[in-house]
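Okay, so here's the structure we're looking at.
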Amino acid sequence: MQKTLSEAVFENLKELIKGKNAAHESMFKFHWKKLWPFSLIFPQVDFIRIQRFMGEIKEQALGQKTFIQNNLSKSVPDEKDFLKAVPAYIDALAVSCEKLATIAKFKQDILEKKQKRDVFAFNRLLTEYQNAQADLIRAGAFVQVAWGELASKSSAKNAGQTESP
């Protein structure tokens, strides 16, 4: 069975979000391996890798936006609401990735002693990231609603096709 454009985009977005969430958890989630003396044994967060990864996710997300724009004319009319909601979500994802990469750079600069610990600057970066996350969640709500409507339309169509002989 061939995937529709919206299904392909939805699957790609899920993978991009999984990657971004993994980086978020790596940086912010509490884990016993981050405590002393375990932190001396186990590898810690690689901030440089997170910066590169966030750049890659941002690039792939913007590629999805271009993909949608190029293929929107080929989509089924039912998919249009979903596909029109996705670009705003992608923009919010790109901003969120930038903010997370900025925090990773800040922490890496502290490790490399390029920068002193500045609680106020770090708090400002965290607030900017928190705002970007809130924007991402709001944009995601529109995508979820549009996806739910698309799924209900397609399930109703499939039920109508199976009933007729």
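Everything numeric here is computed off the predicted structure, so don't read it as measured data. Starting from 1, each residue takes its place in the sequence as its number.
- In this structure, Lys107 places its NZ atom where more than 12 heavy-atom neighbours from other residues, nucleotides or ligands lie under 6.0 Å away.
- Counting non-hydrogen atoms of other residues, nucleotides and ligands closer than 6.0 Å to CZ of Phe142 gives a total of 12 or fewer.
- Remark: of the listed residues Leu72, Ile68, Val76, Asn71, Asn71 is the sole one forming a side chain to side chain contact (heavy atoms under 4.5 Å, CB included) with Leu5.
- You'll find the side chain of Ile110 reaches within 4.5 Å of the side chain of Phe106, heavy atoms only.
- The shortest side-chain heavy-atom distance between Leu126 and Phe28 falls under the 4.5 Å cut-off.
- Shown here is Lys80, whose NZ atom has more than 12 heavy atoms of other residues, nucleotides or ligands within 6.0 Å.
- Taking the side chain as every heavy atom from C-beta outward, Val9 and Val86 approach each other to under 4.5 Å.
- A continuous path of Ile, Leu, Val, Met, Phe, Trp and Tyr side chains, each step under 4.5 Å between heavy atoms, connects Met27 with Leu111, placing both in one hydrophobic cluster.
- At a threshold of 4.5 Å between non-hydrogen side-chain atoms, the residues Lys99 and Asn131 do not count as touching.
- With hydrogens and angles left out, the side-chain atoms of Gln64 and Gln60 include no donor and acceptor closer than 3.5 Å.
- The closest side-chain heavy-atom distance from Ile48 to Glu112 is below 4.5 Å.
- We find that Arg124 and Glu128 are joined by a salt bridge, their nearest charged nitrogen and carboxylate oxygen being less than 4.0 Å apart.
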side-chain hydrogen bond (donor to acceptor under 3.5 Å, both in side chains) for Lys105 and Gln115? Distances and angles first, verdict last. CA-CA 10 Å; Lys105 182 180 180 340; Gln115 180 172 324; over 6 Å; no
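- No more than 12 heavy atoms of other residues, nucleotides or ligands sit less than 6.0 Å from atom CD of Gln130.
- Looking only at side-chain heavy atoms (C-beta outward), Glu98 and Met54 stay at 4.5 Å or farther from each other.
- Side-chain atoms of Ser26 do not come within 3.5 Å of backbone N or O of Ala22 as any donor-acceptor pair.
- Residues Leu62 and Thr66 fail the side-chain proximity criterion, which asks for heavy atoms closer than 4.5 Å.
- Here the side chains of Phe122 and Ile103 are in contact, with some heavy-atom distance below 4.5 Å.
- The hydrophobic clustering, which links ILVMFWY residues whose side-chain heavy atoms are closer than 4.5 Å, places Leu13 and Phe67 together.
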